[in-house]
Amino acid sequence: MSAIQKEPASHINEAADKITDRAATSTRKQRFLTTRKIIIIVAMVGVVALALGLGLGLGLSRPCAACPAPKASTSTSTSTATPAATPAPSPSGTASVIQLRVGTTWDYPLGFSLTTANANKSTVFYPVDLENTPADTITALKDSHTIVCYFSAGSVEDYRKDADEFPASAVGNVLDGWPHEKWVDHRNAKVREIMATRIQNAADKGCEGVDPDNVDGYVNDSGFDLTEDDTVDYVRYLAETAHAAGLAYGLKNSGAIVDRVVDVAEWAINEECAEYNECADWAPFVDAGKPVFHVEYTKDDDATSVSAAKLAKACAADGQPGFSSVVKHYTLDDWIIYC
């Protein structure tokens, strides 16, 4: 804001001296000079007020230099133009987080190391592994993509650096098909503290959001008496913690609680809703103007193509309009078919 130019004090003093020197003159002249003094002072106040008003107006209308700009986006040959990510107010009110638009293109590269060399230029949204992806890689990828960081929020993987920090009383049964991973009791204060640390690590690395997995322990044999209410409470805790760190939050699977948490999540990631005829469960996200990132898997991880029937089911299931749908190997390697 420009400095306000004040009327020099000597001018005011000079006017006052003139009035004093003429104090002995006629009453009529004295009134004239007094009126002149009032006019000068009122004029000075008007100038100052005008300058102050202009300064404030310019300052308030100046764009926020720190606000993130929307990212430019492109499209693949099989999809319409991909909407850009734009900043949106955080539900917590503590920071601005990205809000991707319905139809944003994506890939799920958790089975290989994503770099600027192998990233698809037409793909906007990429979740990457929080622990295994270097900060400089995230920074480089963010020049052309929206990068969020994946971690398991409902289990402990014995190969993670913080695995020993989980209290034994909060570690439950082995996840079916994942022998090195066990469910955790997400009601436990220490478990939540560990997850809060992971979210902060994501912010420190430059991630733009988080993709916490395995929050649906209550519908699995976790070893704990978790309920749907417990899960809703935990999802809201994760979302609020992410937003407070300036990160967006996405719901992973957990279709039964969509209606109860769509307001705190910026997107949803769903695996195989077409296979299980559940896609309509995630429609509230699209209705709210938020993307649903949907993936169907092939039965053969060496497949180089899919049948027309599989592709039709993956890309046009009931309740699926507006989804960002892809087909991948279950290993989430560098192979993908965009719907």
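Excluded from the calculations below are hydrogen atoms, water molecules and symmetry mates; all remaining heavy atoms, backbone and side chain alike, are included.
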S.K.: Is the backbone N or O of His294 less than 3.5 Å from a side-chain atom of Glu272, with the two atoms forming a donor-acceptor pair by type?
M.R.: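 A pair under 3.5 Å: no.
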S.K.: Has His243 got a side-chain atom pairing as donor or acceptor with Ala239's backbone, closer than 3.5 angstrom?
M.R.: yes
S.K.: Using a 6.0 Å cut-off, check whether atom CG of Asn118 has over 12 heavy atoms from anything other than its own residue.
M.R.: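 Yes - once you tally the heavy atoms of other residues, nucleotides and ligands closer than 6.0 Å, there are more than 12.
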S.K.: Hey, what do you get for CG (Asn214) to CH2 (Trp178), rounding to the nearest 0.5 Å?
M.R.: 9.0 Å
S.K.: Please report the interatomic distance NZ(Lys310) to OG(Ser305), rounded to the nearest 0.5 Å.
M.R.: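 Output value for this atom pair is 12.5 Å.
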S.K.: Using atom types as modelled and distance alone, determine if a side-chain donor or acceptor of Tyr297 lies under 3.5 Å from a backbone N or O of Leu332.
M.R.: no
S.K.: Under 6.0 Å from the CG atom of Asp164, do we count more than 12 heavy atoms belonging to anything else shown?
M.R.: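 Not more than 12 within 6.0 Å, no.
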S.K.: Would you sort out whether Lys290 and Asp263 count as a salt bridge (charged side-chain N to carboxylate O under 4.0 Å, His left out), showing the intermediate values?
M.R.: CA-CA 10 Å; Lys290 301 176 180 182; Asp263 59 314; over 6 Å; no
S.K.: Return the CD to OG1 distance between Gln200 and Thr241, rounded to the nearest 0.5 Å.
M.R.: 10.5 Å
S.K.: Under the 3.5 angstrom rule, does the side chain of Asp301 hit a backbone N or O of Tyr330 as a donor-acceptor pair?
M.R.: yes
S.K.: Kindly indicate, with the supporting measurements, whether the criterion salt bridge (charged side-chain N to carboxylate O under 4.0 Å, His left out) is fulfilled by Arg198 and Asp162.
M.R.: CA-CA 9 Å; Arg198 289 181 174 184; Asp162 57 6; 2.8 Å; yes
S.K.: For the side chain of Asn220 and the backbone of Asp216, is there at least one donor-acceptor N/O pair under 3.5 Å apart?
M.R.: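 Yes, Asn220 side chain to Asp216 backbone: donor-acceptor pair under 3.5 Å.
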S.K.: Verify, without hydrogens or angle tests, whether Lys205 (side chain) and Leu130 (backbone) share a donor-acceptor contact under 3.5 angstrom.
M.R.: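 Yes, because the side chain of Lys205 sits within donor-acceptor range (under 3.5 Å) of the backbone of Leu130.
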S.K.: Check the orientation of Tyr237 and Tyr234. Use parallel for under 30°, tilted for 30 to 60°, and perpendicular for over 60°.
M.R.: parallel
S.K.: Please determine whether a side-chain nitrogen of the Lys or Arg among Asp185 and Lys190 lies less than 4.0 Å from a carboxylate oxygen of the Asp or Glu.
M.R.: no
S.K.: Hey, is the main chain of Glu131 close enough, under 3.5 Å, to the side chain of Asp129 for a donor-acceptor pair?
M.R.: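 Such a contact is found between Asp129 side chain and Glu131 backbone.
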S.K.: So, Arg260 and Asp229, do they make that salt bridge, N to O below 4.0 Å?
M.R.: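 Asp229 and Arg260: salt-bridged.
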S.K.: Distance-only, no hydrogens or angles: does the Thr227 side chain make a donor-acceptor pair with backbone N or O of Asp230 under 3.5 Å?
M.R.: yes
S.K.: Nearest 0.5 Å, what's the NZ-CG distance between Lys161 and Asn132?
M.R.: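 So the NZ of Lys161 and the CG of Asn132 are separated by 8.0 Å.
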S.K.: Hey, could you give me the CD1/SG distance between Ile337 and Cys339, rounded to the nearest 0.5 Å?
M.R.: 8.5 Å
S.K.: Is there a donor-acceptor pair under 3.5 Å between the side chain of Ser222 and the backbone N or O of Tyr218?
M.R.: no
S.K.: Quick check against the 3.5 Å criterion: does His186 have a side-chain atom that pairs as donor or acceptor with the backbone of Ala153?
M.R.: no
S.K.: Can a salt bridge be assigned to the pair Lys328 and Asp334 using a cut-off of 4.0 Å between side-chain N and carboxylate O?
M.R.: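 So Lys328 does not pair with Asp334 through a salt bridge.
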S.K.: Are more than 12 heavy atoms, taken from residues, nucleotides or ligands other than Lys182, located less than 6.0 Å from that residue's NZ atom?
M.R.: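 At most 12 heavy atoms, drawn from other residues, nucleotides or ligands, come within 6.0 Å of this atom.
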S.K.: Using ring centroids (six-membered ring only for Trp), state whether Phe125 and Trp267 fall under 6.0 Å.
M.R.: yes
